[in-house]
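Here is the structure we will look at, set down as structure tokens.
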Amino acid sequence: ASAELLVTGDIDRTEEFARADLELCRSADMPWVSNSYHALGLVHFWRGRWQEALENLQEGARLEAPGILAGWDWGHFFLAKAYIGEKDSALAMLDEKKADLPGAGRANTWGAWEMLLAVVEGLAVLGEREEAAKLYPLVVESMSGGALCRWWYGPIDTVAGIAAACGGEWEKAEEHFQMALRLAHELPHKIEQPEARRWYARMLIDRDGPGDRDGPGDRDKARELLTEAIAMYRRIGMPKHVEMAEALLREL
């Protein structure tokens, strides 16, 4: 189901899967029911039903079982809170869970890595740029074993670009965003195609470099990326993301 979503961008099919998976896990009393709520929460999030997304992701985090995936459900509940704008609540959550983030130079669980990547994006959304930038080395380390993408989400390079941009490391950020775009089209990863564009545009707006005879300025490039992203979001059916991209476009 995850692979089908990434290749097709068909959120309706993913919702069918999530509801069936939830029913299966409930009927068989499976501990992975938290992941079912998580998947359904992501569907609501992408469809712009953010209150429903928050409720399902909260339930997923509440039911999250210990083990290799612990942190994944929690991380995306944190991320949803960030996007919805519940800053104080989200940061309080993070204060309680910081010890569960992965440690440098050691083996870490899948769930801890997923938690890290959600936290970095969430911190950037909340405007906590310095804190997000501090986590850049860990994001890079998360790819050192050959991992390319987050589960259900896009290339890790997008998150690395976000963290680098938060620290003003523009060249590194641009390299990561360009890699994320390449992967999003080559894999393909339909939802990440506009997502990488939106975050890349955010970086370009912040850097605000001038153009020259070799290419357009950062704002012109950002305008192009956002225009493309808006068309893609509309095609997939992600209305809140259209609004976010349009808000960025108005900054230009």
Side-chain angles (χ1 to χ4, degrees), residues 2-3 5-9 42 45-46 71-72 75-76 78-79 82-83 101-105 108-126 128-207 209 215 218 221-222 224-226 228-229 232-233 236 238 241 244-245 248:
S2 177
L5 170 70
L6 306 189
V7 171
T8 67
L42 291 181
F45 181 72
W46 289 322
W72 183 60
H76 289 93
F78 168 82
L79 183 57
Y83 271 102
L101 288 170
N108 295 286
T109 64
W110 185 3
W113 287 124
E114 291 279 356
M115 178 182 174
L116 167 74
L117 301 173
V119 163
V120 169
E121 183 176 350
L123 286 170
V125 170
L126 293 171
E128 296 290 320
R129 298 173 65 87
E130 185 176 343
E131 293 302 310
K134 289 177 183 177
L135 297 172
Y136 174 69
L138 269 177
V139 177
V140 172
E141 186 175 333
S142 75
M143 297 186 282
S144 63
L148 293 178
C149 291
R150 297 179 280 172
W151 193 12
W152 293 101
Y153 275 76
I156 299 170
D157 273 290
T158 300
V159 183
I162 292 169
C166 284
E169 298 188 70
W170 305 124
E171 289 185 10
K172 289 181 180 178
E174 189 154 40
E175 288 175 4
H176 286 301
F177 286 127
Q178 288 175 352
M179 175 60 76
L181 280 174
R182 182 169 74 81
L183 289 171
H185 286 274
E186 288 183 358
L187 287 173
H189 193 312
K190 294 292 187 180
I191 289 179
E192 188 62 18
Q193 290 170 8
E195 284 285 84
R197 282 171 165 80
R198 176 169 63 88
W199 280 108
Y200 189 3
R202 172 74 273 172
M203 184 277 287
L204 291 169
I205 293 169
D206 292 339
R207 186 174 65 178
D218 283 348
K221 180 62 176 176
E224 177 186 344
L225 289 168
L226 289 169
E228 293 170 351
M232 291 172 177
Y233 283 137
I236 296 169
M238 298 171 67
H241 289 72
M244 287 190 287
L248 281 179

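As the structure is a computational prediction, the values presented were derived from the model and not from experiment.
A donor-acceptor pair under 3.5 Å links the side-chain atoms of Arg129 to the main chain of Ala165, judged by distance alone. Arg202 places no side-chain N or O within donor-acceptor distance of the main-chain N or O of Arg198, the cut-off being under 3.5 Å. When atom types are taken as modelled, the side chain of Gln193 and the backbone of Ala184 share a donor-acceptor pair closer than 3.5 angstrom.
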Subject >> Check against side chain to side chain contact (heavy atoms under 4.5 Å, CB included), Trp72 and Trp152 >> reply: CA-CA 11 Å; Trp72 183 60; Trp152 293 101; 3.2 Å; yes
Original post:
side chain to side chain contact (heavy atoms under 4.5 Å, CB included) between Glu192 and Leu183: does it pass, once the steps are laid out?
Top reply: CA-CA 9 Å; Glu192 188 62 18; Leu183 289 171; over 6 Å; no
**OP:** Please step through salt bridge (Lys or Arg N to Asp or Glu O under 4.0 Å) for the pair Arg197 and Glu224, ending with a clear verdict.
**Re:** CA-CA 9 Å; Arg197 282 171 165 80; Glu224 177 186 344; over 6 Å; no
Subject >> Working for side chain to side chain contact (heavy atoms under 4.5 Å, CB included), residues Val120 and Val139 >> reply: CA-CA 9 Å; Val120 169; Val139 177; 3.8 Å; yes
**OP:** Could you please spell out the steps behind the side chain to side chain contact (heavy atoms under 4.5 Å, CB included) verdict for Ile205 and Leu248?
**Re:** CA-CA 9 Å; Ile205 293 169; Leu248 281 179; 4.2 Å; yes
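Side-chain contact annotation: Tyr83 with Glu121, donor-acceptor N/O pair under 3.5 Å present. Counting only N and O atoms by type, the side chains of Glu195 and Thr158 include no donor and acceptor under 3.5 Å apart.
Here CD of Glu169 is found 13.0 Å from CZ of Arg207. Values are rounded to the nearest 0.5 Å. In this structure, the separation between CZ on Phe177 and CG on Leu225 is 10.5 Å, given to the nearest 0.5 Å. In this structure, NE2 in His185 is found 8.5 Å from NZ in Lys190, a value given to the nearest 0.5 Å. Put simply, CE on Met179 and CD on Glu174 are 13.5 Å apart, with the number rounded to the nearest 0.5 Å. Taking NE2 of His189 as the start and CG of Leu181 as the end, the distance is 12.5 Å to the nearest 0.5 Å. Rounding to the nearest 0.5 Å gives a distance of 11.5 Å between CG of Leu126 and CD of Glu131.
Between Ala201 and Leu226, the shortest heavy-atom contact is CB-CG, 3.5 Å. Across every non-hydrogen atom of Ala132 and Ala124, the tightest pair is CB-N, 4.3 Å. When all heavy atoms of Glu141 and Gly105 are compared, the closest pair comes out as OE2-N, 2.8 Å. Closest approach of Ala147 and Ser142 over heavy atoms only: CB-O, 3.8 Å. Contact between Gly71 and Met115 at its shortest, heavy atoms only, is O-CB, 3.5 Å. Pro194 approaches Ile236 most closely through the heavy-atom pair CG-CD1, 4.2 Å.
The shortest distance between side-chain heavy atoms of Arg150 and Val159 falls below 4.5 Å. Using a 4.5 Å heavy-atom cutoff, the side chains of Trp113 and Trp151 are not in contact. No side-chain heavy atom of Glu130 sits under 4.5 Å from any side-chain heavy atom of Cys166. In this structure, Asp157 and Glu175 have side chains that are not in contact, with every pair of non-hydrogen atoms separated by 4.5 Å or more. Two residues are said to be in side-chain contact when any heavy atoms from C-beta on lie closer than 4.5 Å; Leu148 and Pro155 fail this criterion. The shortest distance between side-chain heavy atoms of Leu135 and Val119 falls below 4.5 Å. At a threshold of 4.5 Å between non-hydrogen side-chain atoms, the residues Leu79 and Tyr153 count as touching. When side chains are defined from C-beta on, Ile156 counts as touching Leu117, because their heavy atoms get closer than 4.5 Å.
Results of the side-chain contact (heavy atoms from CB on, under 4.5 Å) test with Ile162 over Tyr136, Tyr200, Trp199 single out Trp199 as the only residue that passes.
Between His76 and Phe45, the ring centre distance reaches or exceeds 6.0 Å.
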